[in-house]
There are 2 protein chains.
Amino acid sequence: MPPRQSITLTEAELRLMKLLWSRGESSVAELTQSLADDTPLAYTSVLTTIRVLEKKSYVTHRQEGRAFFYTASIAEHEASRLEVRHVLGRFFGNSRERLLLALLGDNDITPAELTRIQAVIAQAPEDAKPADDSVAGDHTQPEEV
Amino acid sequence: MPPRQSITLTEAELRLMKLLWSRGESSVAELTQSLADDTPLAYTSVLTTIRVLEKKSYVTHRQEGRAFFYTASIAEHEASRLEVRHVLGRFFGNSRERLLLALLGDNDITPAELTRIQAVIAQAPEDAKPADDSVAGDHTQPEEV
DNA sequence: ACGGAGCTACTAATGGATTAGTTAGCAGGC
DNA sequence: GCCTGCTAACTAATCCATTAGTAGCTCCGT
(Lines give C-alpha, C1' and ligand atoms only; values in the text may rest on other atoms or scores of the structure.)
Protein backbone atom coordinates (compact mmCIF):
# COMPACT_ATOMS: atom_id res chain seq x y z
CA MET A 1 0.00 0.00 0.00
CA PRO A 2 1.67 3.17 -1.19
CA PRO A 3 1.36 6.37 0.85
CA ARG A 4 -1.93 8.19 0.55
CA GLN A 5 -2.00 11.76 -0.57
CA SER A 6 -0.51 13.98 2.10
CA ILE A 7 -3.09 15.93 4.13
CA THR A 8 -0.66 18.69 4.90
CA LEU A 9 1.12 20.98 2.47
CA THR A 10 4.14 19.63 0.65
CA GLU A 11 7.12 21.90 -0.07
CA ALA A 12 6.12 22.85 -3.61
CA GLU A 13 2.55 23.37 -2.52
CA LEU A 14 3.55 25.56 0.40
CA ARG A 15 5.64 27.74 -1.88
CA LEU A 16 2.60 28.46 -4.00
CA MET A 17 0.34 29.00 -1.01
CA LYS A 18 2.75 31.54 0.45
CA LEU A 19 2.64 33.42 -2.83
CA LEU A 20 -1.15 33.40 -2.84
CA TRP A 21 -1.26 34.54 0.76
CA SER A 22 1.03 37.47 0.10
CA ARG A 23 -0.25 38.40 -3.36
CA GLY A 24 -3.93 37.57 -3.02
CA GLU A 25 -5.87 36.32 -6.03
CA SER A 26 -3.44 35.56 -8.85
CA SER A 27 -3.34 33.97 -12.27
CA VAL A 28 -0.98 31.13 -13.03
CA ALA A 29 1.12 33.47 -15.15
CA GLU A 30 1.49 35.89 -12.24
CA LEU A 31 2.50 33.11 -9.87
CA THR A 32 5.06 31.84 -12.34
CA GLN A 33 6.40 35.37 -12.67
CA SER A 34 6.75 35.74 -8.91
CA LEU A 35 8.75 32.53 -8.70
CA ALA A 36 11.14 33.63 -11.44
CA ASP A 37 13.53 35.35 -9.05
CA ASP A 38 14.73 32.53 -6.82
CA THR A 39 13.84 29.14 -8.25
CA PRO A 40 12.20 29.52 -11.65
CA LEU A 41 9.48 27.04 -12.47
CA ALA A 42 7.79 26.29 -15.77
CA TYR A 43 4.27 27.59 -16.27
CA THR A 44 2.96 24.06 -16.58
CA SER A 45 4.64 22.98 -13.35
CA VAL A 46 2.94 25.74 -11.44
CA LEU A 47 -0.33 24.81 -13.07
CA THR A 48 0.01 21.15 -12.12
CA THR A 49 0.79 21.93 -8.50
CA ILE A 50 -2.02 24.42 -8.14
CA ARG A 51 -4.49 21.92 -9.51
CA VAL A 52 -3.39 19.52 -6.80
CA LEU A 53 -3.97 22.31 -4.30
CA GLU A 54 -7.46 22.76 -5.66
CA LYS A 55 -8.11 19.04 -5.33
CA LYS A 56 -7.00 19.34 -1.72
CA SER A 57 -9.36 22.32 -1.27
CA TYR A 58 -6.57 24.72 -0.37
CA VAL A 59 -7.44 27.05 -3.26
CA THR A 60 -10.42 27.87 -5.47
CA HIS A 61 -10.46 29.40 -8.89
CA ARG A 62 -12.55 31.95 -10.73
CA GLN A 63 -12.61 32.17 -14.48
CA GLU A 64 -12.24 35.52 -16.17
CA GLY A 65 -12.15 35.32 -19.94
CA ARG A 66 -9.69 32.58 -20.81
CA ALA A 67 -7.60 32.84 -17.65
CA PHE A 68 -8.14 31.23 -14.26
CA PHE A 69 -7.60 33.28 -11.12
CA TYR A 70 -6.73 31.34 -8.02
CA THR A 71 -7.40 32.34 -4.42
CA ALA A 72 -6.33 30.68 -1.20
CA SER A 73 -9.43 29.26 0.45
CA ILE A 74 -7.60 28.75 3.73
CA ALA A 75 -5.89 31.61 5.57
CA GLU A 76 -2.24 31.29 6.44
CA HIS A 77 -2.89 31.02 10.16
CA GLU A 78 -5.45 28.29 9.50
CA ALA A 79 -2.95 26.27 7.50
CA SER A 80 -0.35 26.84 10.20
CA ARG A 81 -2.73 25.60 12.83
CA LEU A 82 -3.47 22.50 10.80
CA GLU A 83 0.23 21.85 10.57
CA VAL A 84 0.74 22.34 14.29
CA ARG A 85 -2.11 19.97 15.03
CA HIS A 86 -0.50 17.46 12.75
CA VAL A 87 2.77 17.38 14.66
CA LEU A 88 0.82 17.62 17.89
CA GLY A 89 -0.85 14.35 17.04
CA ARG A 90 2.21 12.67 15.61
CA PHE A 91 4.77 13.55 18.28
CA PHE A 92 3.11 14.94 21.36
CA GLY A 93 -0.01 12.84 21.88
CA ASN A 94 -2.09 15.97 21.26
CA SER A 95 -0.63 17.57 24.34
CA ARG A 96 0.09 21.24 23.75
CA GLU A 97 2.04 21.40 26.98
CA ARG A 98 4.46 18.79 25.75
CA LEU A 99 5.00 20.72 22.55
CA LEU A 100 5.51 23.84 24.59
CA LEU A 101 8.14 22.15 26.70
CA ALA A 102 9.94 21.03 23.56
CA LEU A 103 9.80 24.61 22.38
CA LEU A 104 11.27 25.90 25.61
CA GLY A 105 13.78 23.13 26.10
CA ASP A 106 15.47 23.59 22.75
CA ASN A 107 19.12 24.34 23.29
CA ASP A 108 19.14 26.78 20.43
CA ILE A 109 16.70 29.07 22.14
CA THR A 110 18.14 32.39 23.19
CA PRO A 111 17.48 33.94 26.58
CA ALA A 112 16.04 36.95 24.81
CA GLU A 113 13.56 34.87 22.91
CA LEU A 114 12.62 33.00 26.04
CA THR A 115 11.82 36.30 27.68
CA ARG A 116 9.70 37.35 24.74
CA ILE A 117 7.83 34.07 24.88
CA GLN A 118 7.06 34.64 28.51
CA ALA A 119 5.72 38.03 27.61
CA VAL A 120 3.51 36.50 24.96
CA ILE A 121 2.17 33.98 27.42
CA ALA A 122 1.54 36.60 30.03
CA GLN A 123 -0.68 38.66 27.81
CA ALA A 124 -2.10 36.05 25.42
CA PRO A 125 -4.88 34.73 27.64
CA GLU A 126 -6.67 38.07 27.42
CA ASP A 127 -8.64 36.97 24.38
CA ALA A 128 -9.19 33.41 25.50
CA LYS A 129 -9.11 33.66 29.26
CA PRO A 130 -11.21 31.07 31.01
CA ALA A 131 -14.01 32.59 33.03
CA ASP A 132 -14.11 29.44 35.09
CA ASP A 133 -12.51 26.02 34.76
CA SER A 134 -15.74 24.02 34.77
CA VAL A 135 -16.19 24.27 31.00
CA ALA A 136 -13.42 21.80 30.27
CA GLY A 137 -15.26 19.01 28.53
CA ASP A 138 -16.30 20.11 25.06
CA HIS A 139 -13.06 19.45 23.24
CA THR A 140 -12.91 17.12 20.28
CA GLN A 141 -9.36 15.88 20.52
CA PRO A 142 -8.15 13.81 23.46
CA GLU A 143 -5.62 15.58 25.57
CA GLU A 144 -3.18 14.43 28.16
CA VAL A 145 -2.61 15.97 31.54
CA MET B 1 13.40 17.75 -10.07
CA PRO B 2 11.56 15.09 -8.12
CA PRO B 3 11.30 15.36 -4.34
CA ARG B 4 14.42 14.61 -2.34
CA GLN B 5 14.30 12.17 0.51
CA SER B 6 12.31 13.60 3.38
CA ILE B 7 14.47 14.88 6.26
CA THR B 8 11.77 14.29 8.81
CA LEU B 9 10.14 11.03 9.77
CA THR B 10 7.47 9.65 7.48
CA GLU B 11 4.46 7.85 8.93
CA ALA B 12 5.79 4.32 8.50
CA GLU B 13 9.16 5.40 9.84
CA LEU B 14 7.63 7.11 12.86
CA ARG B 15 5.68 3.99 13.71
CA LEU B 16 8.91 2.00 13.93
CA MET B 17 10.71 4.71 15.86
CA LYS B 18 7.95 4.81 18.45
CA LEU B 19 8.33 1.08 18.89
CA LEU B 20 12.08 1.39 19.33
CA TRP B 21 11.67 4.23 21.81
CA SER B 22 9.24 2.23 23.95
CA ARG B 23 10.88 -1.18 23.58
CA GLY B 24 14.51 -0.23 23.39
CA GLU B 25 16.91 -2.28 21.30
CA SER B 26 14.95 -4.75 19.22
CA SER B 27 15.40 -7.23 16.42
CA VAL B 28 13.39 -6.97 13.23
CA ALA B 29 11.40 -10.03 14.28
CA GLU B 30 10.48 -8.40 17.58
CA LEU B 31 9.40 -5.22 15.85
CA THR B 32 7.29 -7.19 13.40
CA GLN B 33 5.72 -9.02 16.33
CA SER B 34 4.87 -5.78 18.09
CA LEU B 35 3.13 -4.47 15.01
CA ALA B 36 1.05 -7.60 14.63
CA ASP B 37 -1.75 -6.33 16.87
CA ASP B 38 -3.00 -3.26 15.05
CA THR B 39 -1.71 -3.11 11.48
CA PRO B 40 0.32 -6.21 10.67
CA LEU B 41 3.29 -5.71 8.39
CA ALA B 42 5.44 -8.27 6.62
CA TYR B 43 8.85 -8.97 8.09
CA THR B 44 10.54 -7.71 4.94
CA SER B 45 8.52 -4.49 4.98
CA VAL B 46 9.74 -3.70 8.46
CA LEU B 47 13.26 -4.51 7.39
CA THR B 48 13.10 -2.21 4.38
CA THR B 49 11.79 0.70 6.41
CA ILE B 50 14.32 0.28 9.17
CA ARG B 51 17.14 0.25 6.65
CA VAL B 52 15.88 3.58 5.39
CA LEU B 53 15.92 4.79 8.98
CA GLU B 54 19.51 3.68 9.28
CA LYS B 55 20.40 5.53 6.09
CA LYS B 56 18.81 8.60 7.64
CA SER B 57 20.85 8.01 10.83
CA TYR B 58 17.80 7.61 13.02
CA VAL B 59 18.84 4.11 14.11
CA THR B 60 22.00 2.03 14.34
CA HIS B 61 22.36 -1.70 14.40
CA ARG B 62 24.48 -4.18 16.25
CA GLN B 63 25.05 -7.69 14.97
CA GLU B 64 24.65 -10.60 17.29
CA GLY B 65 25.07 -13.92 15.60
CA ARG B 66 22.99 -13.80 12.45
CA ALA B 67 20.47 -11.25 13.71
CA PHE B 68 20.63 -7.46 13.68
CA PHE B 69 19.52 -5.54 16.74
CA TYR B 70 18.41 -2.01 16.09
CA THR B 71 18.53 0.92 18.48
CA ALA B 72 17.20 4.43 18.11
CA SER B 73 20.18 6.74 17.84
CA ILE B 74 18.00 9.77 18.45
CA ALA B 75 15.87 10.16 21.56
CA GLU B 76 12.18 10.79 21.18
CA HIS B 77 12.41 14.34 22.44
CA GLU B 78 15.23 15.03 20.00
CA ALA B 79 13.15 13.83 17.08
CA SER B 80 10.23 15.87 18.33
CA ARG B 81 12.37 18.95 18.49
CA LEU B 82 13.58 18.38 14.96
CA GLU B 83 9.99 18.14 13.82
CA VAL B 84 9.04 21.31 15.67
CA ARG B 85 11.94 23.14 14.10
CA HIS B 86 10.80 21.93 10.74
CA VAL B 87 7.34 23.48 11.03
CA LEU B 88 8.90 26.48 12.72
CA GLY B 89 10.89 27.12 9.58
CA ARG B 90 8.15 26.23 7.15
CA PHE B 91 5.26 28.14 8.69
CA PHE B 92 6.45 30.53 11.36
CA GLY B 93 9.62 32.06 9.99
CA ASN B 94 11.56 30.42 12.83
CA SER B 95 9.63 32.49 15.32
CA ARG B 96 8.72 30.44 18.37
CA GLU B 97 6.43 33.18 19.56
CA ARG B 98 4.35 32.93 16.43
CA LEU B 99 4.02 29.18 16.88
CA LEU B 100 3.08 29.76 20.47
CA LEU B 101 0.36 32.19 19.47
CA ALA B 102 -1.00 29.65 17.03
CA LEU B 103 -0.98 27.13 19.85
CA LEU B 104 -2.88 29.48 22.13
CA GLY B 105 -5.23 30.86 19.52
CA ASP B 106 -6.57 27.50 18.44
CA ASN B 107 -10.31 27.43 18.94
CA ASP B 108 -10.20 23.86 20.09
CA ILE B 109 -8.12 24.69 23.10
CA THR B 110 -9.89 24.24 26.41
CA PRO B 111 -9.72 26.78 29.22
CA ALA B 112 -8.31 24.06 31.44
CA GLU B 113 -5.48 23.32 29.07
CA LEU B 114 -4.74 27.00 28.68
CA THR B 115 -4.39 27.24 32.43
CA ARG B 116 -2.04 24.28 32.48
CA ILE B 117 0.06 25.84 29.73
CA GLN B 118 0.39 29.00 31.74
CA ALA B 119 1.56 26.92 34.65
CA VAL B 120 4.15 25.25 32.45
CA ILE B 121 5.43 28.58 31.25
CA ALA B 122 5.58 29.97 34.74
CA GLN B 123 7.89 27.28 35.98
CA ALA B 124 9.72 26.18 32.84
CA PRO B 125 12.37 28.92 32.65
CA GLU B 126 14.05 27.61 35.79
CA ASP B 127 16.51 25.53 33.82
CA ALA B 128 17.14 28.09 31.10
CA LYS B 129 16.43 31.38 32.79
CA PRO B 130 18.43 34.26 31.35
CA ALA B 131 20.67 35.91 33.90
CA ASP B 132 20.74 38.98 31.70
CA ASP B 133 19.46 39.72 28.19
CA SER B 134 22.75 40.76 26.66
CA VAL B 135 23.72 37.26 25.56
CA ALA B 136 21.29 37.19 22.67
CA GLY B 137 23.56 36.74 19.69
CA ASP B 138 24.88 33.20 19.54
CA HIS B 139 21.94 31.51 17.87
CA THR B 140 22.33 29.73 14.58
CA GLN B 141 18.89 30.17 13.11
CA PRO B 142 17.53 33.60 12.21
CA GLU B 143 14.64 34.61 14.39
CA GLU B 144 12.03 37.27 14.07
CA VAL B 145 11.01 39.71 16.76
C1' DA C 1 27.53 -33.66 7.00
C1' DC C 2 23.20 -32.21 5.47
C1' DG C 3 18.62 -30.08 5.63
C1' DG C 4 15.62 -26.79 7.67
C1' DA C 5 14.83 -22.39 10.00
C1' DG C 6 15.66 -17.75 10.32
C1' DC C 7 17.85 -13.74 8.92
C1' DT C 8 19.55 -10.11 5.60
C1' DA C 9 20.06 -8.44 0.78
C1' DC C 10 18.13 -7.64 -3.52
C1' DT C 11 14.26 -6.74 -6.48
C1' DA C 12 9.73 -5.24 -7.57
C1' DA C 13 5.19 -3.12 -7.76
C1' DT C 14 2.18 0.72 -6.77
C1' DG C 15 1.15 5.37 -6.14
C1' DG C 16 2.29 10.23 -4.51
C1' DA C 17 5.28 14.54 -5.39
C1' DT C 18 7.72 17.34 -8.56
C1' DT C 19 8.91 19.09 -12.85
C1' DA C 20 8.01 19.77 -17.50
C1' DG C 21 6.72 18.83 -22.49
C1' DT C 22 2.96 18.35 -25.84
C1' DT C 23 -1.67 19.15 -27.37
C1' DA C 24 -5.62 21.65 -28.23
C1' DG C 25 -8.83 25.42 -27.72
C1' DC C 26 -9.93 30.22 -28.04
C1' DA C 27 -9.26 35.33 -28.45
C1' DG C 28 -7.42 39.04 -30.88
C1' DG C 29 -4.77 41.12 -34.76
C1' DC C 30 -3.76 41.61 -39.70
C1' DG D 1 -10.83 34.34 -42.36
C1' DC D 2 -6.36 32.70 -40.88
C1' DC D 3 -2.25 32.99 -38.00
C1' DT D 4 -0.18 34.07 -33.40
C1' DG D 5 0.00 33.71 -28.62
C1' DC D 6 -1.75 32.57 -24.27
C1' DT D 7 -4.09 29.18 -21.46
C1' DA D 8 -5.69 24.82 -19.53
C1' DA D 9 -5.65 19.67 -20.11
C1' DC D 10 -3.20 15.66 -20.79
C1' DT D 11 0.91 12.93 -20.66
C1' DA D 12 5.41 11.80 -19.19
C1' DA D 13 9.56 11.11 -16.55
C1' DT D 14 11.94 10.74 -12.24
C1' DC D 15 12.42 9.84 -7.53
C1' DC D 16 10.56 8.86 -2.87
C1' DA D 17 7.45 6.09 0.28
C1' DT D 18 5.31 1.86 1.28
C1' DT D 19 4.65 -2.87 1.07
C1' DA D 20 6.17 -7.30 -0.01
C1' DG D 21 8.35 -11.40 -2.49
C1' DT D 22 12.48 -14.12 -3.69
C1' DA D 23 17.16 -15.47 -3.17
C1' DG D 24 21.02 -16.59 -0.63
C1' DC D 25 23.66 -17.15 3.58
C1' DT D 26 24.46 -19.04 8.14
C1' DC D 27 23.62 -21.53 12.20
C1' DC D 28 21.80 -25.46 14.58
C1' DG D 29 20.09 -29.99 15.27
C1' DT D 30 20.14 -34.65 13.98
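These numbers come from the heavy atoms of this one structure, side chains and all, not from hydrogens, waters or symmetry mates.
- In this structure, B:Glu54 places its CD atom 18 Å from C1' of D:dA17, rounding to the nearest Å.
- A:Thr10 and A:Glu13 are linked by a side-chain donor-acceptor pair at a separation below 3.5 angstrom, with hydrogens and angles left out of the test.
- Rounded to whole Å, atom C1' of C:dC7 lies 15 Å from atom CZ of B:Arg62.
- Rounded to a whole Å, the CD1 atom of A:Ile7 is 15 Å from the P atom of D:dA17.
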*How does each nucleotide of nucleotides 3-11 of chain D score, in 5' to 3' order, for protein heavy atoms under 4.0 Å: base (B), sugar-phosphate only (S), or none (-)?*
----SBB--
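- A straight line from CD of B:Glu64 to P of C:dC7 spans 12 Å, rounded to a whole angstrom.
- Between B:Ile50 atom CD1 and C:dA9 atom P there is a gap of 12 Å when expressed in whole angstrom units.
- Under a 4.0 Å N-O distance rule, the pair A:Glu76/A:Lys18 does not qualify as a salt bridge.
- DNA chain D lies under 4.0 Å from at least one heavy atom of each of the following residues of residues 8-26 of chain B: B:Thr10, B:Glu11, B:Ala12.
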Show me the donor-acceptor pairs within less than 3.5 Å that the side chains of residues 45-53 of chain B make with the rest of the protein, sequence neighbours left out.
| residue | atom | partner | partner atom | Å |
| --- | --- | --- | --- | --- |
| B:Thr48 | OG1 | B:Thr44 | O | 2.9 |
| B:Thr49 | OG1 | B:Ser45 | O | 3.2 |

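- Two residues are said to be in side-chain contact when any heavy atoms from C-beta on lie closer than 4.5 Å; B:Ser27 and B:Glu64 fail this criterion.
- Under 4.0 angstrom from either OP1 or OP2 of C:dG16 there lies at least one side-chain N or O belonging to A:Arg4.
- Close to D:dT19, at under 4.0 Å from its OP1 or OP2, lies no side-chain N or O of B:Ser45.
- By the 4.5 Å heavy-atom criterion applied to side chains, B:Leu99 and B:Val84 are counted as neighbours.
- Rounded to whole Å, atom P of C:dT19 lies 12 Å from atom CG of A:Leu53.
- One atom, CG of B:Leu31, and another, P of D:dA20, lie 15 Å apart when rounded to the nearest Å.
- If you measure from atom NZ of B:Lys55 to atom C1' of C:dT8, you get 17 Å, rounded to the nearest angstrom.
- OP1 and OP2 of D:dC15 both lie 4.0 Å or more from every side-chain N or O belonging to B:Gln5.
- In this structure, B:His86 and A:Val87 have side chains that are not in contact, with every pair of non-hydrogen atoms separated by 4.5 Å or more.
- Proximity of a side-chain donor or acceptor of B:Glu83 to a complementary backbone N or O of A:Phe91 within less than 3.5 Å is not detected.
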